[in-house]
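In what follows, every chain begins at residue 1, and chains take the letters A, B, ... in the order their sequences are listed.
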Amino acid sequence: MAQLQPVRGTHDILPDDYARFRHVVDTARQAALVFGYREMATPIFEFTDVFARSMGETSDVVSKEMYSFTDKGGESLTLRPEYTAGICRAFISNGLQQHVPFKAFGWGPMFRFERPQKGRQRQFHQIDVEVIGAAEPQADVEVISVAAEILRRLGILDKCVLELNTLGDPESRVGYRDALVRYFSSYVDKLSDDSRKRLEKNPLRILDSKDEGDRALVAHAPLIHDYLTPAASDFFKALQDGLGASGVPFTVSPRLVRGLDYYTHTAFEFTTDMLGAQGTVLAGGRYDGLIEQLGGKPTPGIGWAGGIERLVMLSDPQPAAPRIVAIIPIGAAAEAAAVTLAGDLRRADIAVELGYGGNAGKRFKRADRLGCAAAVVIGDDELAKGVVKLKDFKSGTEIEVARGDLLAHLKQDQLKA
RNA sequence: GCGGGGGUAGCUCAGUUGGUUAGAGCACCAGAUUGUGGCUCUGGGGGUCGCGGGUUCAAGUCCCGUUCCUCGCCCCA
């Protein structure tokens with residue numbers, strides 16, 4: 001075991017894994033583009049205040065999980081623990097109000113000081129989709145549809161279920177919160193220690209407690225749906241109708257809530273039972289109060305984030321290796337010709353591996369291990385005749401090809417990278 | 001932050017009640033085969049047994065600390 005380890009909770013992504021990682025990002029990007037979203041990026045660190053104000057000072061993420069530091073100019077900065085706040089900050093900073101609805105796709109590393117587990121790292125990566133400046137439930141439908149389409153393209157939609165709920169508008173939420181506090185307060189002695197704390201800090205959270213005793217109480221707790229204002233109720237109905245029309249299956253989970261302060265109305269999660277305790281693959285919701293909280297004009301928004309590492313674990317070991325051609329020179333004179341030839345092919349977008357040395361046997365062996373589709377052999381005989389030998393690794397057959405015809409041959413064999 | 005289980009070669013692991021120079025398979029390198037890969041055979045390199053301390057004549061093995069991974073809680077993607 002090596003003594004020089006990466007920082008706890010961080011991992012190197014080596015080429016084989018990176019291929020799967022990139023496949024997830026590429027698939028997500030492509031699906032998002034199809035829905036009219038455009039890729040963008042924000043800095044991986046922001047003023048600490050951006051996250052503290054958006055997520056709430058008392059949230060667990062802000063109070064104990066942020067990588068915050070003071071830079072040499074004395075500013076308190078924080079490595080982003082999530083994407084939404086940064087996008088909203090960018091929306092305000094760049095005066096994008098005139099571009100609403102603003103539809104963004106992004107991805108990148110996030111940082112949280114948590115105890116690592118499988119599917120939970122201190123540096124992890126998310127794909128992210130946001131719509132800012134749309135108050136209509138149709139936006140919620142679209143945002144969730146993008147997520148479903150990404151999961152479908154990754155071939156893992158059937159390993160997930162979509163759980164859906166509403167937190168109502170602020171008015172609904174206040175009434176419901178009071179009702180919950182009243183209900184649970186009458187059973188304080190039966191609540192778990194954790195939930196007793198939640199009763200003061202974040203009573204909605206009791207609803208998704210994993211404690212057996214809590215669950216029994218939750219089963220008879222008031223439901224948000226009885227406290228929705230007519231407007232909030234209509235909104236939720238429209239969302240469900242829209243999802244039905246889009247062919248996105250879901251189940252309503254009245255106990256699904258959000259830990260972050262800025263969520264309103266829609267809350268949803270795509271979850272799986274294949275990843276142990278880290279079952280949430282992709283989750284999000286509506287955050288109509290966030291932009292204003294950050295200092296912008298009141299602007300509605302909705303979005304989600306998906307954990308790339310978790311998506312990778314669910315998806316199949318990925319994609320076909322690139323079709324590489326190995327050029328194998330034999331003899332000193334052929335070395336130069338091989339370099340020239342490699343340049344010609346690469347300019348035509350054919351992936352070429354030119355071994356650095358060794359005899360023919362070694363170079364063939366190496367080409368085979370790399371998974372090369374074919375080898376181009378060039379030695380003194382071939383040089384004299386102006387040809388190369390083209391060997392197909394799969395069939396083992398070898399043919400002689402004029403040097404001028406090689407490119408056409410390779411393209412015909414669909415060896416383009 | 002709390003509780004449980006782990007760490008022996010690049011990978012997967014074995015290693016007896018503590019006992020001499022710590023092993024296997026796979027992988028890697030070399031040769032058989034200096035103009036032809038996969039298969040086979042032969043040989044080779046590679047380990048401060050996670051790290052530090054303690055007990056002992058003797059520690060991979062027992063004890064303590066620590067670090068990292070892992071399972072669950074909290075929280076979250």
Roughly, in whole Å, what's the span from [atom1] in [X] to [atom2] in [N]?
X: A:R112; N: B:G1; atom1: CZ; atom2: P; answer: 18 Å
X: A:L79; N: B:A77; atom1: CG; atom2: C1'; answer: 17 Å
X: A:F124; N: B:C76; atom1: CZ; atom2: P; answer: 12 Å
X: A:F113; N: B:G1; atom1: CZ; atom2: C1'; answer: 10 Å
X: A:D17; N: B:G10; atom1: CG; atom2: P; answer: 19 Å
X: A:D211; N: B:C74; atom1: CG; atom2: P; answer: 8 Å
X: A:D193; N: B:C2; atom1: CG; atom2: C1'; answer: 12 Å
X: A:D194; N: B:C76; atom1: CG; atom2: P; answer: 13 Å

So [X], base contact, sugar-phosphate only, or nothing? Heavy-atom distance under 4.0 Å.
X: A:G331; answer: nothing
X: A:G9; answer: sugar-phosphate
X: A:A367; answer: nothing
X: A:E114; answer: base

| note | Between A:Q117 and A:G306, whichever has its closest RNA chain B nucleotide further toward 5' is A:Q117

| Between A:Y37 and A:F105, is the ring centre distance below 6.0 Å? |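 Ring-ring flag for A:Y37/A:F105: false, centres at least 6.0 Å apart.
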
Can you check the distance between [N] and [M], where both ends of the measurement are the [atom1] atom (answer in whole Å)?
N: B:U8; M: B:A59; atom1: C1'; value: 14 Å
N: B:C41; M: B:C49; atom1: P; value: 33 Å
N: B:G65; M: B:U55; atom1: C1'; value: 15 Å
N: B:C11; M: B:G46; atom1: C1'; value: 14 Å
N: B:G53; M: B:U12; atom1: C1'; value: 31 Å
N: B:G10; M: B:A77; atom1: P; value: 38 Å
N: B:G23; M: B:U61; atom1: C1'; value: 15 Å
N: B:A24; M: B:G38; atom1: P; value: 24 Å

| Does B:C73 pair with anything, Watson-Crick or G-U wobble, both distances under 3.5 Å, and if so, with which nucleotide? | B:G1

| field | Any pair counted as salt bridge (charged side-chain N to carboxylate O under 4.0 Å, His left out), so long as it reaches residues 246-256 of chain A, sequence neighbours left out | value |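 Listed once each, the pairs would be none.
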
| query | Which parts of nucleotides 29-40 of chain B does protein reach within less than 4.0 Å, heavy atoms only, written one letter per nucleotide 5' to 3' as B for base, S for sugar-phosphate only and - for none? | reply | SSS---BBBB--

| said: Starting the side chain at C-beta, find the nucleotide from B:C71, B:C69, B:C75 nearest to A:P116. | reply: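 Side chain of A:P116 sits closest to B:C69.
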
| said: Could you check whether A:R122 makes a cation-pi contact with A:F113, meaning its NZ or CZ is under 6.0 Å from the centre of the six-membered ring and within 45° of the ring axis? | reply: yes

| What is the ring orientation for A:F102 with A:F91, classed by angle as parallel under 30°, tilted 30 to 60°, or perpendicular over 60°? | tilted

Quick one: is [N] close enough that its OP1 or OP2 comes under 4.0 Å of any side-chain N or O from [X]?
X: A:Q5; N: B:U67; value: no
X: A:R115; N: B:C69; value: no
X: A:R8; N: B:C69; value: yes
X: A:K210; N: B:C73; value: yes

| Contact list for residues 300-313 of chain A, test side chain to side chain donor-acceptor pair (under 3.5 Å), sequence neighbours left out |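 Non-adjacent pairs meeting side chain to side chain donor-acceptor pair (under 3.5 Å): A:H125-A:E309.
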
| said: Let me confirm one number: the OG1-CZ distance from A:T251 to A:F268, rounded to the nearest 0.5 Å. | reply: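 Between atom OG1 of A:T251 and atom CZ of A:F268 there are 13.5 Å.
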
| said: For the residue pair A:Y287 / A:E130, report whether a side-chain donor-acceptor contact shorter than 3.5 Å exists. | reply: yes

| No-hydrogen, no-angle side-chain donor-acceptor test under 3.5 Å, A:S253 and A:N165 |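 No pair is found: no donor N or O on one side chain lies under 3.5 Å from an acceptor on the other.
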
| said: Any heavy-atom pair between the side chains of A:V376 and A:L406 that's under 4.5 Å? | reply: yes

| For the side chain of A:R120 and the base of B:C75, is some donor closer than 3.5 Å to an acceptor across the two? | yes

